[in-house]
Every structure is written in C-alpha cells, then in structure tokens.
Amino acid sequence: MHELAIAEGLVDAVTERLPGQKISEVRLEIGALSGVVADSLLFCFDLATEGTTLEGASLQITEPGIQCECRACRVIFAPEDPGGPGGPILLCPCGSADVKVLSGQQLTITSVRVA
Amino acid sequence: MCATCGCTDDLGELGDLGQPGEPDLPGHDHGHEHDHDHDHEYPHDDGRTVTLQQKILAKNDDLAQRNREWLRERGILAINLMSSPGSGKTTLLERTSEDLAGKLALSVIEGDQETDLDADRIRSAGCEVVQINTGAGCHLDAAMVARALRTLNPPAGSAVLIENVGNLVCPALFDLGETARVVLASVTEGTDKPLKYPHMFRSADLVVITKTDLGPYVNFDAGRFGACVGQVSPRAMTISLSAVTGSGMASWSGWLTSMVPGPAH
C-alpha cells in the first residue's frame, strides 16, 4: 500500500511550493505504468491531507495513454492496455518486447487550485 | 487562467456559470478594463490555478540523487536488493559476505518492518550492518537510506548492499540512489512472477534466481522463467545461484565486484 506514501509525497510537494495557502483542488496525471492505483490514492488522500492546507481539497486524476518506442524497429506505438487480456507485456507489433516507454509512467502534479 | 482577475478559463468549471448578458461560453472573453472594487456580474471562483508540473515523488527523487552523488564521490557501489519475503536475500548476503571476505569490503543496510533478526545474521557473518525498521511502511525510501549511509560510513571503494523490505510491489517506485537494482526470485516461487509483478521486474538491472538446489523438487522451468523476464525486462541480465551449495555464486560475486566504481576495478 505505497499509495499512502505517494499521498504524503503529494502533500509535501504542494505545501513546500505553496506554503500556508489553502488548496481547494489538486490535479494529477497518473500513468497506467506508474505502479499507483488511482482508487487507492483517492482513499489515502483524505488521510494524508488531514490537518494540512490540502484538507478537504478535491483530487482530479487523469490517466495519460501509454506510448512506447520499439528499440528493434524504432516504431512508436501504443501497446494494449497492460491490465487487459494481452497482460503486462509491452509488445511492439513487430514482436519485440525491447521497448522504451515514452508515456505511461507519469506520476505528476499538473496543477493545484488555491482557494 | 486569466492573469488579470485570476478567474479560470477552465470550461469544466465555468461551463455552467454563464449568465444572460455575459459572453457565451465557451469563449468567455476577458476585457478587464475594470478594477476589482465591484462585484462581478457572474458567479466567480475567487481561487487561482497554479501550474506545478512536478513529480509527486520529487522529494524522494532529490534525496536519492543526493545519495547517488554522495556514493559516487566516495567510489562506493550501492545495490538495491528487492524480492518477495523468503526468496533468500539475507542468505545470499551471508554467503556473499563469506565469499568476498578479504576481497571486497561489504556493508549492509537491512530493511524490515520489524525486528533486528536479519541484522544479527549479517553481523554474525562478519559484516557491518544497519537495520531499518519501517513499522507499517512497505518499502525503504531515500531518506531512510541517507540516514543509514551516514551511520554506516562505508569506506571508499566498498559495496553497500541494501536489502529492501520483502515486497514485489511498492519498493519498485522508490529510488534510493542505488547504482543498480537487483531483483531476486527463488525457484519455489514459480516461473511467472515477472509477469505478475511487471513493475518490479521491469526496473531490474539484474535478476537473480535463487535456491536453484531446490529446482528439481519443484519442477522449476528455467527456460520459461527466462522467457517471462525477457517479456517484461529484455535488457536485464540473469544469474542463477544457490547460496547453500555455492553454485553460481562466482557469477554473482564477479558481477558485484565488476560494478564497484574506481580505478581498482
């Protein structure tokens, strides 16, 4: 359950950038390959924000798509959903699994709304 | 965001707030020739949006980078050892300590939720060790490792082996400042762990198959395991060993020694 640590990291990052400012909304990008489960993070967010300037803020999460570059044939492609029937293998249409992930690992605070 | 009054262009928020006489939404023109001593004619969110574009784990990543620089300045190798509980991390460290005695200075950072049991084992094997108990925590982070490194104060040209909390999920996300990541899987865990825990195996520089002496008893299919590693982490190297019989230990010790930075290696 590392989402609590992620939520605490989120609180640290925001309160350090905007000390003392009441936050009403936090917008995140969480990629499907980031290793973070959005529902678990939502659950932990209320715990982690209690008593901070983020308490009561809403959490908006968007999930950017996965994009990879094949190291074998250099094509840029969007693999199947890793949670889908194809499983966790990031497979290029050429058959190679030696790929570089260009997008999908994001774990980013895009913006916050100061109340 | 409008820089004049701080109201937002975000149509998701303003889309239902249009009033008769106001510009049609979307479009929401901003003339703003006015000062702000009056009430706005439309409902208005007093807040302002601040763009951050910052990694959530930026603080951990910064500390990890500091650890990495601290280690590099001293020519010290740091290995982050990760696996499920019971795959043989501590036994491998005990055996490594014996095998490399007098050849490579080793020290160990032990991560467990509770107890000093592993630190006692490592100390008995003749190695400097610091135990970190994470309590409820499921992984080590860069701040814990920074404190442990200061306590250990490993000599230049040595290797620090960091035994992470036994867990194939959470430790994958937390950079400790290590030089390389090693993921262990014992033959008794079966061949499909790389596919079931792809984040962990994808982050590995080296995958070590342990307890190979038990392979024949559990029908371990090394070819199938290797194929599973190749599917999620085609660039990772693989070493098979048994810390009990010593089979494969030379490859592991050789890899470890070759990774130590500095002119001596």
Side-chain angles (χ1 to χ4, degrees), chain A residues 1-18 21-30 32-37 40-41 57-58 60-61 70-72 82-83 86-92 95-101 105-115, chain B residues 1 6-8 10 12-13 45-63 134-144 164-165 167-175 192-203 227-236:
Chain A
M1 187 64 167
H2 52 283
E3 278 79 5
L4 184 58
I6 301 288
E8 288 167 350
L10 166 60
V11 170
D12 284 349
V14 173
T15 52
E16 279 172 22
R17 282 285 291 274
L18 299 162
Q21 301 196 50
K22 178 75 183 154
I23 306 297
S24 60
E25 182 186 273
V26 179
R27 290 181 176 252
L28 306 179
E29 275 185 354
I30 296 185
L33 300 175
S34 68
V36 170
V37 179
S40 301
L41 185 58
S58 69
Q60 308 291 332
I61 298 175
C70 177
R71 289 197 178 99
I89 306 164
L90 302 174
L91 200 61
C92 176
S96 170
D98 189 6
V99 303
K100 181 182 172 189
V101 178
Q105 291 176 314
Q106 293 93 332
L107 202 50
T108 310
I109 309 164
T110 49
S111 68
V112 296
R113 192 143 180 81
V114 179
Chain B
M1 184 184 75
C7 71
T8 179
D10 189 325
E13 292 171 14
D45 179 350
D46 290 319
R48 62 191 171 93
T49 300
V50 179
T51 303
L52 293 183
Q53 286 298 345
Q54 180 176 339
K55 285 184 173 179
I56 296 177
L57 289 175
K59 193 174 175 182
N60 184 75
D61 291 350
D62 286 348
L63 284 170
T134 58
C138 49
H139 57 269
L140 296 179
D141 64 33
M144 297 173 191
N164 217 313
V165 178
N167 179 344
L168 279 177
V169 182
C170 312
L173 266 73
F174 293 84
D175 186 4
D192 52 8
K193 282 291 176 294
L195 299 182
K196 289 177 174 171
Y197 299 91
H199 294 288
M200 177 58 77
F201 283 88
R202 202 172 279 136
S203 79
C228 291
V229 172
Q231 284 173 318
V232 295
S233 188
R235 307 221 137 202

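Fair warning: this is a prediction, and the values are worked out from it, not measured in the lab.
- Aromatic ring pairs are classed by plane angle as parallel below 30°, tilted from 30° to 60° and perpendicular above 60°; the pair His2(A) and Phe174(B) is perpendicular.
- Only the side chain of Asp12(A) comes within contact range of chain B, judged by heavy atoms closer than 4.5 Å.
- Using a 4.5 Å heavy-atom threshold, the side chains of Asn60(B) and Asp62(B) count as separate.
- Contacts with chain A were tallied for Gln54(B), His199(B), Met200(B); Gln54(B) has the most, counting heavy-atom pairs under 4.5 Å.
- There is no contact between Ser96(A) and chain B, counting heavy-atom distances below 4.5 Å.
- Looking at Gln106(A), there are no atoms closer than 4.5 Å to chain B (heavy atoms on both sides), in backbone or side chain.
- Heavy atoms closer than 4.5 Å to chain A are found in both the backbone and the side chain of Lys55(B).
- Residues Arg113(A) and Val50(B) have side chains not in contact (no heavy-atom distance under 4.5 Å, counting atoms from C-beta outward).
- You'll find the side chain of Gln231(B) reaches within 4.5 Å of the side chain of Leu195(B), heavy atoms only.
- By the 4.5 Å heavy-atom criterion applied to side chains, Leu52(B) and Thr110(A) are not counted as neighbours.
- Neither the backbone nor the side chain of Leu91(A) comes within contact range of chain B; no heavy atom of the residue lies under 4.5 Å from a heavy atom of that chain.
- Only the side chain of Gln21(A) comes within less than 4.5 Å of a heavy atom in chain B; its backbone stays farther off.
- Using a 4.5 Å cut-off on side-chain heavy atoms (C-beta onward), Thr108(A) and Leu28(A) make no contact.
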